[in-house]
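What you see below is based on every heavy atom in this structure, not just the backbone, and it leaves out hydrogens, waters and symmetry mates. One-based numbering, in listed order, for ligands and for the atoms of each.
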Amino acid sequence: MLLGDSIHKVFVTGGAGFIGSHIVDMLLPQGYEVTVYDNLSNGKIEYISHHFNKPRFHFIQADVLDLPKLIDNLRGHDLVWHLAANTDIIGGYTQPERDLRDCTMAAFNIVEAMRLTGIRPILFSSTGAVYGDLCKDLSVSESAGPLLPVSTYGAGKIGSEAFLSAYSYVYGLQAWIFRFGNVIGARMTHGVIYDFINKMRQNPRELLIRGDGQQEKNYFLVEECIEGMAFAFRNIPMTDEHPCDVFNLGTTSISKVTTIAEIIREEMNFPEANILIEGTKKAWPGDQPRVHFTVDKINKLQWKTCYSSDEAVRIAVRRMLGKTDGMV
Ligand SMILES: NC(=O)c1ccc[n+]([C@@H]2O[C@H](COP(=O)([O-])OP(=O)(O)OC[C@H]3O[C@@H](n4cnc5c(N)ncnc54)[C@H](O)[C@@H]3O)[C@@H](O)[C@H]2O)c1
């Protein structure tokens with residue numbers, strides 16, 4: 001069982017999004033009752049509509065920022081899996097308040113609603129973006145600091161982590177915070193793989209890489225991300241003395257952006273396409289071209305991804321192109 005036997009009803013914020021909808025797909029066949037709470041600002045109804053006729057599935061189209069509605073709908077659940085956030089990282093440049101609102105304020109409302117309804121455990125999707133420039137050359141662990149974000153998205157997530165931690169110590173919540181690498185698979189609506197595939201569909205003759213072409217990050221499959229979070233929840237208990245912990249989650253390897261472009265060119269069968277590099281230092285304000293972090297903490301607890309970063313990229317590309325179904 002993904003979350004063990006003590007959990008029956010799971011509240012998934014952002015459950016109509018890329019990662020959230022995969023969580024729902026994994027929970028329902030295992031007998032869990034699942035509520036998706038999503039305002040559909042970036043989620044898609046077709047990612048969850050195949051569950052609409054199931055009695056253990058509930059969908060609430062609403063905003064996490066609507067605290068009274070959130071409290072009403074949260075009552076009676078055993079666990080919160082909080083994924084709702086602004087995920088348009090580039091868009092943060094023109095609308096920085098979105099990261100304050102949909103990341104930090106949203107997280108505040110979630111922990112406040114948990115306090116008022118007496119729900120204690122929460123799994124939270126944070127990001128390597130919290131490390132800012134610390135992870136550009138060195139591979140950083142969870143204890144790296146000071147955390148000085150270089151994007152408003154990173155700032156929004158640090159704010160979220162801070163409220164989860166404070167509410168855990170002050171009000172008895174139990175928080176598992178996960179700083180993801182790049183999560184990939186079918187149903188992506190953003191990110192480099194999604195962008196490159198769309199660019200190549202528009203112009204099969206060339207693919208322009210923004211930035212300096214030296215970008216490298218770790219990429220891992222969505223189901224491995226979900227299993228990693230569930231593994232930590234099942235095996236690493238939070239206690240009154242230590243009610244909140246943070247885990248980097250991803251692979252031990254990285255993929256270079258040029259390798260991703262080559263894999264996409266190959267899988268789309270456009271061997272003649274020219275891969276061009278724009279040559280600017282950063283692709284956009286707030287970009288983190290290189291993200292290096294260690295996953296030693298979770299690896300030592302006996303959880304590892306099965307696929308390397310490059311293998312995961314190829315599998316995700318195939319899924320996005322409809323070459324493979326489901327999780328293979
Ligand atoms: N995909 C990645 O590589 C990655 C990496 C690091 C962290 N994360 C985090 O994982 C989570 C899920 O990411 P994803 O890639 O599935 O993104 P996504 O955009 O597909 O999912 C986010 C969902 O949240 C919903 N949402 C946003 N604001 C909301 C609000 N105020 N109220 C209710 N619903 C709201 C959106 O409609 C969407 O369905 C996010 O918190 C993201 O920051 C993702």
Practice prompt. Look at ligand 1 and say whether Asp38 reaches it with a heavy atom at a distance under 4.0 Å.
Written response: yes
Item to complete: Check whether any heavy atom of Ala129 sits under 4.0 Å from an atom of ligand 1.
Response: no
Worksheet item: Are any of the heavy atoms in Ser21 under 4.0 Å away from ligand 1?
Response: no
Discussion item. When you compare the side chains of Tyr131 and Asn248, does any donor N or O come within less than 3.5 Å of an acceptor on the partner?
Written reply: yes
Practice prompt. State whether a side-chain donor-acceptor pair under 3.5 Å links Asp310 with Ser308.
Written response: no
Worksheet item: Which of the listed options, Ser41, Ala84, Gly15, holds the heavy atom that is closest to atom 24 (O) of ligand 1?
Response: Ala84
Discussion item. Considering non-hydrogen atoms of the protein only, which is the closest contact for atom 16 (O) of ligand 1, and what is the distance?
Written reply: Ile19 N, 2.8 Å
Practice prompt. Would you please determine whether Gly181 falls within less than 4.0 Å of ligand 1 on a heavy-atom basis?
Written response: yes
Discussion item. With a cutoff of 4.0 Å, is Tyr153 in contact with ligand 1, counting heavy atoms of the residue only?
Written reply: yes
Worksheet item: Starting from atom 32 (N) of ligand 1, which protein heavy atom do you reach first, and at what distance in Å?
Response: Val64 N, 2.9 Å
Worksheet entry | Selected option - heavy-atom contact closest to atom 14 (P) of ligand 1, from Lys217, His190, Lys157, Arg187 | His190
Worksheet item: So which heavy atom in the protein is nearest atom 33 (C) of ligand 1, and how far is it from that ligand atom?
Response: Asn39 N, 3.3 Å
Worksheet item: Is Ala106 close to ligand 1, meaning an N/O of one under 3.5 Å from an N/O of the other?
Response: no
Discussion item. Does ligand 1 come near enough to Gly17 that some N or O of the ligand is less than 3.5 Å from an N or O of the residue?
Written reply: yes
Worksheet item: Quick one: nearest non-hydrogen protein atom to atom 3 (O) of ligand 1, plus distance?
Response: Val183 N, 2.8 Å
Donor-acceptor pairs under 3.5 angstrom involving side-chain atoms of residues 2-16: please list them, not counting sequence neighbours.
from, atom 1, to, atom 2, distance (Å)
Thr13, OG1, His82, ND1, 2.6
Thr13, OG1, Leu83, N, 2.9
Thr13, OG1, Ala84, N, 3.1

